[in-house]
Amino acid sequence: MTITVVGAGAIGAAVVRELCRHDDVDQVQVCDTRSRALQTLHDSVEHNGALRSFQVDARDLGVLSQIVRESNCVISGAPSELNPELAELCLDLGVNFCDLGGNEDIVKQELALNDRAREKAVWIVPNCGLAPGLVNVLTMRGLEQFDRPTAASIRVGDVPLNPEPPFNFRISWSAERIIDDYTRPAQHIADGKLVEVDALSGDETIRFDGPFENMEAFSTQGGLSTLTDTLDGRVPSFDHKTIRWPGHAHQMRFVIGLGFGQERKIGVRTHLTYRDLLVRRMRERLSGDYEDAVLMRVMVQGEKDGAPKTLVYEMVERYNEDDNLTAMMRCTSIPIVVVAKMIAGHTISEGGARVPEAIVPKEDYCDALRTQGLNITETWYDGHVRVTDKQPADATHTA
């Protein structure tokens with residue numbers, strides 16, 4: 001099969017690297033405006049002639065159409081605002097398309113293509129990364145294991161292995177998205193009703209194996225996209241929180257509280273907003289190369305076979321020194337490649353515009369993630385237990 005990747009940034013490059021590891025992917029095409037980024041891929045990725053690069057702007061749809069038209073699937077690593085046009089282009093060409101999603105308004109534009117995509121038997125699949133993406137699929141898979149689910153929760157985050165105060169945080173992808181997550185309310189479900197929760201609220205302690213024995217988690221907007229709406233009416237309680245090193249939420253509440261997340265101009269003689277200034281300073285101070293870890297815990301509670309049970313999916317992925325890949329790169333690129341291959345190889349038939357948790361065969365998806373190196377554990381507990389601050393001793397574990 002032939003798969004085209006649009007964008008050779010950090011995540012796009014990781015997707016290309018992952019694709020080149022798969023023997024059943026005969027050709028990997030990558031498009032980017034930066035010749036240096038393309039050359040770096042050619043120099044650093046083992047591809048045995050399978051990799052082809054094209055220096056082209058993702059906005060140049062005329063040129064791009066000539067490159068992608070023979071692809072079995074296009075993966076977007078471009079800025080999210082370009083995804084609706086890229087999806088439309090692929091739909092017109094009869095080519096499957098998937099992206100990392102995240103922005104709810106943009107994802108809704110893509111999902112609005114469902115009828116046309118079904119008519120052409122083409123898949124348009126946003127939200128294929130880590131969060132949204134992997135955590136969404138695990139949540140839905142977990143709910144399906146229960147006769148009567150009563151609660152679900154997601155805890156996930158990317159953290160530096162060597163945190164530096166005061167923020168104990170580094171930017172793995174987009175400063176703009178971080179600020180959105182920290183300023184816009186999160187949607188949860190409480191007592192069977194959709195509720196809005198302030199970002200940076202609801203701090204709790206969450207524990208993993210060392211050195212992550214005393215992390216914090218707090219509410220943020222990002223990482224879910226359409227999932228809360230999907231769960232409305234299916235489970236009485238649901239929440240999502242982001243994992244960071246202790247103290248990060250307090251520092252960001254101080255910064256946001258000063259108004260630096262506002263889209264209000266600093267003065268009459270400048271077009272810059274306070275948000276623009278914060279984005280610039282975060283990029284300058286918190287971006288760049290670093291070693292990281294991705295921490296994830298998805299928990300579902302309910303009744304199974306007449307008894308209360310708790311199911312926990314957990315993953316701790318660290319920076320890969322051998323491949324010089326961050327944990328975030330691996331945890332984002334592997335899930336989207338799994339989805340792309342499923343739709344390119346017709347594992348998922350028909351067509352339409354849907355999110356992964358609505359279409360992927362969940363067992364096969366999870367098996368593929370583990371085969372490609374993501375260590376996701378599955379643990380059942382008797383009774384309703386809280387696992388954000390301790391792990392009970394009577395757990396039954398299955399891999």
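- In this structure a side-chain-to-backbone donor-acceptor pair under 3.5 Å is missing from Glu216 to Thr205.
- Taking a cutoff of 4.0 Å between a charged side-chain nitrogen and a carboxylate oxygen, Asp191 and Lys193 do not qualify as a salt bridge.
- Between Ile154 and Phe238 there is a side-chain heavy-atom pair separated by less than 4.5 Å.
- The shortest side-chain heavy-atom distance between Leu295 and Met215 falls under the 4.5 Å cut-off.
- In the displayed structure, His42 atom NE2 is contacted under 6.0 Å by more than 12 heavy atoms of other residues, nucleotides or ligands.
- The number of heavy atoms from other shown groups lying within 6.0 Å of CD (Glu46) does not exceed 12.
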One pair to check against side chain to side chain contact (heavy atoms under 4.5 Å, CB included): Lys304 and Leu311. What are the steps and the verdict? CA-CA 10 Å; Lys304 182 177 175 65; Leu311 172 60; over 6 Å; no
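- Glu357 places none of its side-chain heavy atoms less than 4.5 Å from the side chain of Thr139.
- Pairing each heavy atom of Ile336 with each of Cys98, the nearest pair is CG1-SG, 4.0 Å.
- Under the 3.5 Å distance criterion, the side-chain polar atoms of Asn168 are left unmatched by any main-chain donor or acceptor of His248.
- Under a 4.0 Å N-O distance rule, the pair Asp203/Arg253 qualifies as a salt bridge.
- Salt bridge annotation for Arg155-Asp239: present, with a cationic side-chain nitrogen under 4.0 angstrom from a carboxylate oxygen.
- The number of heavy atoms from other shown groups lying within 6.0 Å of CG (Asp23) does not exceed 12.
- Note on Val74: it does not cluster hydrophobically with Ile106, by side-chain heavy-atom contacts below 4.5 Å among ILVMFWY residues.
- With hydrogens and angles disregarded, a donor-acceptor distance shorter than 3.5 Å links the side chain of Asn136 to the backbone of Gly133.
- Hydrophobic cluster membership differs between Leu61 and Val30, with clusters built from Ile, Leu, Val, Met, Phe, Trp and Tyr side chains linked at under 4.5 angstrom.
- The closest side-chain donor-acceptor pair between Arg141 and Tyr365, if any, does not fall under 3.5 angstrom.
- Counting Ile, Leu, Val, Met, Phe, Trp and Tyr side chains that sit under 4.5 Å apart, directly or through other members, Val195 shares a hydrophobic cluster with Val197.
- Between Pro356 and Asn127, the closest side-chain pair of non-hydrogen atoms falls below 4.5 Å.
- In the hydrophobic clustering of ILVMFWY residues, with side-chain heavy atoms under 4.5 Å counting as a link, Leu64 and Leu91 come out together.
- With sequence neighbours excluded, the residues forming a side-chain hydrogen bond (donor to acceptor under 3.5 Å, both in side chains) with Arg34 are Asp32, listed by chain and number.
- When all heavy atoms are compared, the tightest approach of Ile376 to Leu134 is CD1-CD1, 4.0 Å.
- Screening Arg280, Arg283, Arg184 for a salt bridge (charged side-chain N to carboxylate O under 4.0 Å, His left out) with Glu176, the sole residue that qualifies is Arg283.
- Around atom CD of Glu350, no more than 12 heavy atoms belonging to other residues, nucleotides or ligands sit under 6.0 Å away.
- The pair Arg170-Glu164 fails the salt-bridge criterion, with no side-chain N (NZ, NE, NH1 or NH2) lying under 4.0 Å from an Asp/Glu carboxylate O.
- Rounded to the nearest 0.5 Å, atoms OG1 (Thr242) and CG (Asp181) are 6.5 Å apart.
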Name every donor-acceptor pair, under 3.5 Å, that has one atom in a side chain of residues 82-90 and the other anywhere in the protein, sequence neighbours excluded.
from: Asn83; atom 1: OD1; to: Ser76; atom 2: OG; distance (Å): 2.6
from: Glu88; atom 1: OE1; to: Arg116; atom 2: NH1; distance (Å): 3.0

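- Going from atom CZ of Arg177 over to atom OG of Ser172 covers 8.5 Å, rounded to the nearest 0.5 Å.
- Note: Thr379 OG1 to Met299 CE = 12.5 Å, rounded to the nearest 0.5 Å.
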Using the rule given for side chain to side chain contact (heavy atoms under 4.5 Å, CB included), can you reason through Leu194 versus Asp229, listing the C-alpha separation, both sets of side-chain angles and the distance that settles it, and then say yes or no? CA-CA 8 Å; Leu194 289 174; Asp229 289 335; 4.0 Å; yes
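- Minimum interatomic distance between Val107 and Pro126 (heavy atoms only, all atoms of both residues): CG1-CG, 3.8 Å.
- Looking at Glu213 and Arg207, no side-chain N of the basic residue comes within less than 4.0 Å of a carboxylate O on the acidic one, giving no salt bridge.
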Could you walk me through whether Thr273 and Arg264 satisfy the side chain to side chain contact (heavy atoms under 4.5 Å, CB included) test, starting with their C-alpha distance in whole Å, then the side-chain angles of each, then the deciding distance to 0.1 Å, before giving a yes or no? CA-CA 5 Å; Thr273 66; Arg264 184 164 63 88; 5.7 Å; no
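- Between Phe169 and Tyr182, the ring-plane angle classifies as tilted under the 30° and 60° cut-offs.
- Residues Thr183 and Ile256 meet the side-chain proximity criterion, which asks for heavy atoms closer than 4.5 Å.
- Scanning both residues, Cys128 and Val339, for their nearest heavy atoms gives SG-CG1, 3.8 Å.
- The CG atom of Leu19 sits 9.5 Å away from atom CE of Met1, with the distance rounded to the nearest 0.5 Å.
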Determine, step by step, whether Asn375 and Met315 satisfy the side chain to side chain contact (heavy atoms under 4.5 Å, CB included) criterion, reporting the C-alpha distance in whole Å, the side-chain angles of both residues, the deciding distance to 0.1 Å, and the verdict. CA-CA 6 Å; Asn375 183 28; Met315 178 179 73; 5.6 Å; no
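- Between Arg275 and Asp180, the shortest heavy-atom contact is NH2-OD1, 2.6 Å.
- The ring of Phe167 has its center no closer than 6.0 angstrom to the ring center of Trp245.
- Under a 3.5 Å cut-off, the side chain of Asp367 and the backbone N or O of Asp364 do not form any donor-acceptor pair.
- Side chain of Asp147 to main chain of Asp305: a donor-acceptor pair is present (N/O by atom type, distance under 3.5 Å, no hydrogens or angles).
- Within the structure, the side chain to side chain donor-acceptor pair (under 3.5 Å) test picks out the following pairs touching residues 60-72 (sequence neighbours left out): Thr4-Ser71.
- Within the 3.5 Å criterion, the main-chain N or O of His240 finds a donor-acceptor partner in the side chain of His188.
- Without hydrogens or angle criteria, Asp57 side chain to Thr33 main chain gives no donor-acceptor distance under 3.5 Å.
- Looking at Arg36 and Asp43, no side-chain N of the basic residue comes within less than 4.0 Å of a carboxylate O on the acidic one, giving no salt bridge.
- When Glu18, Glu317, Gln372 are each tested for a side-chain hydrogen bond (donor to acceptor under 3.5 Å, both in side chains) with Arg330, only one passes: Glu317.
- Inter-residue side-chain proximity for Glu104 and Lys108 is flagged as met; some heavy-atom pair is nearer than 4.5 Å.
- Expressed to the nearest 0.5 Å, how far CG of Asn320 lies from CE of Met329 amounts to 11.0 Å.
- Cluster membership check: Val156 shares its hydrophobic cluster with Met328, using side-chain heavy-atom separations under 4.5 Å among Ile, Leu, Val, Met, Phe, Trp and Tyr.
- Here Ser349 contributes atom OG and Met342 contributes atom CE; the two are 12.5 Å apart, rounded to the nearest 0.5 Å.
- Under the 4.5 Å side-chain criterion, counting only non-hydrogen atoms from C-beta, Asp198 is not in contact with Ser219.
- Counting only residues at least two apart or in different chains, ring pair (Phe, Tyr, Trp, His ring centres under 6.0 Å) contacts with residues 142-161 comprise Phe146-Trp380.
- The side-chain hydrogen bond (donor to acceptor under 3.5 Å, both in side chains) check on Glu144 picks up Lys362, with sequence neighbours excluded.
- Closest of all the heavy-atom pairs between Met140 and Leu227 is SD-CD1, 4.0 Å.
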